[in-house]
Chemist: 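This structure is in C-alpha cells; I'll ask about it shortly.
So that the names make sense, note that chain A is the first sequence line, chain B the second, and so on, each numbered from 1. Treat the numbers as computed from the prediction; the structure is a model and nothing was measured. Scope of the values below: all heavy atoms of this structure, side chains included, with no hydrogens, waters or symmetry mates.
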Protein chains: 2
Amino acid sequence: MEKVDGRLVRGDQTRRAVLRRAVDIASVDGLEGLSIGRLASELGISKSGLFAHFGSKEELQLATIRAARRIYADAVVTPAYEVEPGLGRLFALSESWLEYSRSRVFPGGCFFQKVSHEYAARGGAVQEALAGAHQEWMGLIENVVREAVERGEVDVDPAQLAFDLNAYYEAANLASILHNDEAPYEQARQSIRARLESARVGKSR
Amino acid sequence: MEKVDGRLVRGDQTRRAVLRRAVDIASVDGLEGLSIGRLASELGISKSGLFAHFGSKEELQLATIRAARRIYADAVVTPAYEVEPGLGRLFALSESWLEYSRSRVFPGGCFFQKVSHEYAARGGAVQEALAGAHQEWMGLIENVVREAVERGEVDVDPAQLAFDLNAYYEAANLASILHNDEAPYEQARQSIRARLESARVGKSR
DNA sequence: AAACAATACGAACGGTCGTATTATTAGTTT
DNA sequence: AAACTAATAATACGACCGTTCGTATTGTTT
C-alpha cells in the first residue's frame with residue numbers, strides 16, 4: 001500500500017525523488033552509469049535503503065524508463081495535443097520536440113535516444129522496454145500525420161513522413177549535444193519546414 | 001620502434017589484434033563497457049600485458065576510435081570515391097553507408113553513432129575526438145554534395161542536404177538495431193531517393 | 001656470447017559495483 | 001502506551017574495475 005487517503009506515504013516520496021534524479025543521471029551517463037551507490041550518495045540516503053525500493057538494478061532501470069516516459073509525455077506530447085489535429089498539430093509536435101531537446105529537459109539531451117543506443121544491441125528487459133517506447137513514439141507521430149492526411153492537408157505515407165521527421169529530431173539532438181551548439185535545431189527546423197511543405201496537397205508542381 | 005624493414009614486430013601485431021576486438025566490443029557495449037580485463041581474457045592474453053600497450057584506459061579508448069575510423073573509411077568512404085563525383089557518388093555514399101550498417105561491419109551497428117551518444121554529454125578527450133569525427137564526416141558528405149552542385153546536377157545548400165542524409169542514415173541504424181529488423185533501411189532508401197529527387201535541377205515544378 | 005630493449009606475465013593494490021542479511025527507526029493501528 | 005508494519009540504515013560479501021609493480025621471456029644489436 002503506497003497511498004493512504006490519497007496522501008503519499010514516506011516511501012513513495014523517496015521513490016519519486018530517486019527517479020527524478022535517476023533520469024537526469026541516466027541521460028548523461030546512461031542506465032549503466034546510473035549506479036545505486038552514486039545515486040544514493042547524491043540524494044543523501046543510504047545505498048541499501050534505496051536498493052530496497054527496487055530490489056534489483058534492472059528494476060531501477062525499468063522504473064527510470066517509466067519515469068522518463070512520463071516527463072517526455074508532459075514535455076512533448078501534451079503541448080502538441082492542445083493544438084487542433086492536422087498540420088498544425090504536426091508542426092506543434094515538431095516544435096515541442098526540438099524545444100524539449102534544446103532546453104535540456106534532461107541534462108544529457110533526449111533520454112530515450114541516449115539509452116536506446118546504449119541498450120539497442122544487448123537484449124533483455126531494458127532493451128525490450130526501449131524498443132516498445134520507440135514503437136509507441138513512432139506510432140504517435142504516424143497518428144498525428146494521419147490526422148493531417150484525413151483532413152486533406154497532406155498527401156503522404158504516414159510511416160514515411162514519421163520516419164523523416166523523427167530522423168531530423170534525433171540528428172539535431174545528437175549534433176547539438178556533441179558540439180554544444182544550438183545551430184542544429186535551426187537546421188532541423190529548416191528540414192521539417194521543407195519536408196512538410198513538400199507533403200502539402202495543392203503544392204506548386 | 002614498431003617496424004623493422006617494414007616488417008611488423010611482435011608488439012604491433014598484438015596491438016592490432018586488441019584494437020580489432022576492441023571496436024567490436026565497443027560497438028555493442030560502449031567504450032565504457034570495453035573493460036581491459038574482459039578484452040584481455042577474450043584474447044587470451046594477460047590484463048597487464050594488454051594495459052602496457054596503452055598506458056591508460058582513455059588511451060585505449062582513443063586508439064579504438066582511431067581504429068574504428070580506419071574501418072569506417074574502408075567500408076563507407078572508399079567505395080563511394082570509386083564512383084565519379086556528382087550525384088552518382090552521393091548515391092553511392094548513401095548506399096555504402098546503409099550497407100555498412102546493415103551488414104554489421106561492427107556487430108552493434110554504427111560504431112560512431114553508438115559511442116558518440118555515450119560520450120556526447122560528458123566532456124574530455126574522448127568526447128572531443130568523437131566531436132571531431134562527426135565534424136569530419138559531415139564535412140565529407142558536404143563535399144560530395146558540393147561536387148554534385150558544381151556539376152549542376154543539384155541545387156541545394158550542401159550543409160542542409162548533408163544534415164538530412166545523415167539523419168536518415170542514423171535513424172535507420174538505430175531502428176534496425178533496436179528492433180532487429182532490416183525494414184528501416186528500405187525506409188531510409190525511400191527518404192534518400194525522394195530527397196535527392198527534390199534537389200535535382202530541372203525537376204518538375 | 002654479452003648487453004640491451006621490447007614485450008608479456010602474475011600478483012596485488014584500493015575502489016566501486018550489485019546484492020544479501022540484519023538491525024534500527026518512524027508511522028499507523030489498536 | 002503497546003503492537004505492528006513500512007521504511008531506512010548499517011554492515012558485509014564476492015566480483016570486477018583500472019592501475020602499479022617486479023619479474024620473466026623474447027628478440028635484436030653489439
Side-chain angles (χ1 to χ4, degrees), chain A residues 1-22 25-26 28-65 115 118-119 122-127, chain B residues 1-22 25-26 28-65 115 118-119 122 124-126:
Chain A
M1 261 130 270
E2 287 179 337
K3 293 187 182 184
V4 176
D5 296 327
R7 197 174 57 80
L8 298 173
V9 298
R10 213 172 18 136
D12 206 46
Q13 292 182 36
T14 304
R15 234 186 108 98
R16 283 163 187 267
V18 168
L19 291 175
R20 179 144 305 159
R21 183 69 67 114
I25 293 178
V28 174
D29 294 313
L31 285 169
E32 203 74 31
L34 174 68
S35 88
I36 295 167
R38 173 188 174 188
L39 191 49
S41 82
E42 284 194 14
L43 291 167
I45 65 176
S46 72
K47 191 168 101 163
S48 54
L50 193 159
F51 182 83
H53 278 276
F54 303 94
S56 75
K57 167 109 185 222
E58 191 174 60
E59 260 312 313
L60 168 62
Q61 293 171 324
L62 294 171
T64 301
I65 292 170
V115 303
E118 188 183 5
Y119 276 86
R122 282 199 210 177
V126 171
Q127 186 268 338
Chain B
M1 261 131 270
E2 288 179 336
K3 292 188 180 183
V4 176
D5 296 328
R7 200 172 54 80
L8 298 174
V9 298
R10 210 172 20 135
D12 206 48
Q13 293 182 36
T14 304
R15 236 187 107 99
R16 282 163 188 268
V18 168
L19 291 175
R20 178 144 306 158
R21 183 70 66 115
I25 293 177
V28 174
D29 294 313
L31 285 170
E32 203 74 32
L34 174 68
S35 89
I36 295 168
R38 173 188 176 189
L39 191 49
S41 83
E42 284 194 13
L43 291 166
I45 65 176
S46 71
K47 197 167 90 159
S48 54
L50 193 160
F51 181 86
H53 277 276
F54 302 96
S56 75
K57 168 110 184 222
E58 191 175 59
E59 260 312 313
L60 167 64
Q61 293 171 323
L62 294 171
T64 301
I65 292 170
V115 304
E118 188 182 5
Y119 276 86
R122 281 198 211 177
V126 172

Chemist: Between B:Gln13 (CD) and C:dA6 (C1'), how many Å, whole number?
Modeler: 14 Å

Chemist: Could you check how far CG of B:Asp12 sits from P of D:dG27, rounded to whole Å?
Modeler: 16 Å

Chemist: Let me know the distance between CG of B:Leu60 and C1' of D:dT19, rounded to the nearest Å.
Modeler: 13 Å

Chemist: To the nearest Å, give me how far apart CZ (A:Arg15) and C1' (D:dA6) are.
Modeler: 14 Å

Chemist: Can you tell me how far apart CG (B:Leu19) and NE2 (B:His53) are? Round to the nearest 0.5 Å.
Modeler: 10.0 Å

Chemist: Just the rounded figure in Å: distance from P of D:dA7 to NE2 of A:His53.
Modeler: 7 Å

Chemist: Taking protein heavy atoms under 4.0 Å as touching, what does nucleotides 9-21 of chain C look like 5' to 3' if B marks base contact, S marks sugar-phosphate-only contact and - marks none?
Modeler: BBB-----SBBB-

Chemist: Minimum heavy-atom separation for A:Leu31 to A:Gln61, with atom names?
Modeler: O-NE2, 2.9 Å

Chemist: If only atom types and distance count, is the side chain of A:Glu118 paired as donor or acceptor with the main-chain N or O of A:Gly30 below 3.5 Å?
Modeler: no

Chemist: How close do B:Thr64 and B:Ala22 get, heavy atom to heavy atom, and via which atoms?
Modeler: OG1-CB, 3.6 Å

Chemist: Show me the donor-acceptor pairs within less than 3.5 Å that the side chains of residues 40-51 of chain A make with the rest of the protein, sequence neighbours left out.
Modeler:
unit_1, atom_1, unit_2, atom_2, d
A:Ser41, OG, A:Arg38, O, 3.2
A:Glu42, OE1, A:Arg21, NH1, 3.0
A:Glu42, OE2, A:Arg38, NE, 3.1
A:Ser46, OG, A:Gly49, N, 3.0

Chemist: Sequence neighbours left out, what passes side-chain contact (heavy atoms from CB on, under 4.5 Å) with B:Ala125? Give chain and number order.
Modeler: B:Glu58, B:Leu62

Chemist: From CD of B:Glu59 over to C1' of D:dT19, roughly how many Å is that when rounded to an integer?
Modeler: 15 Å

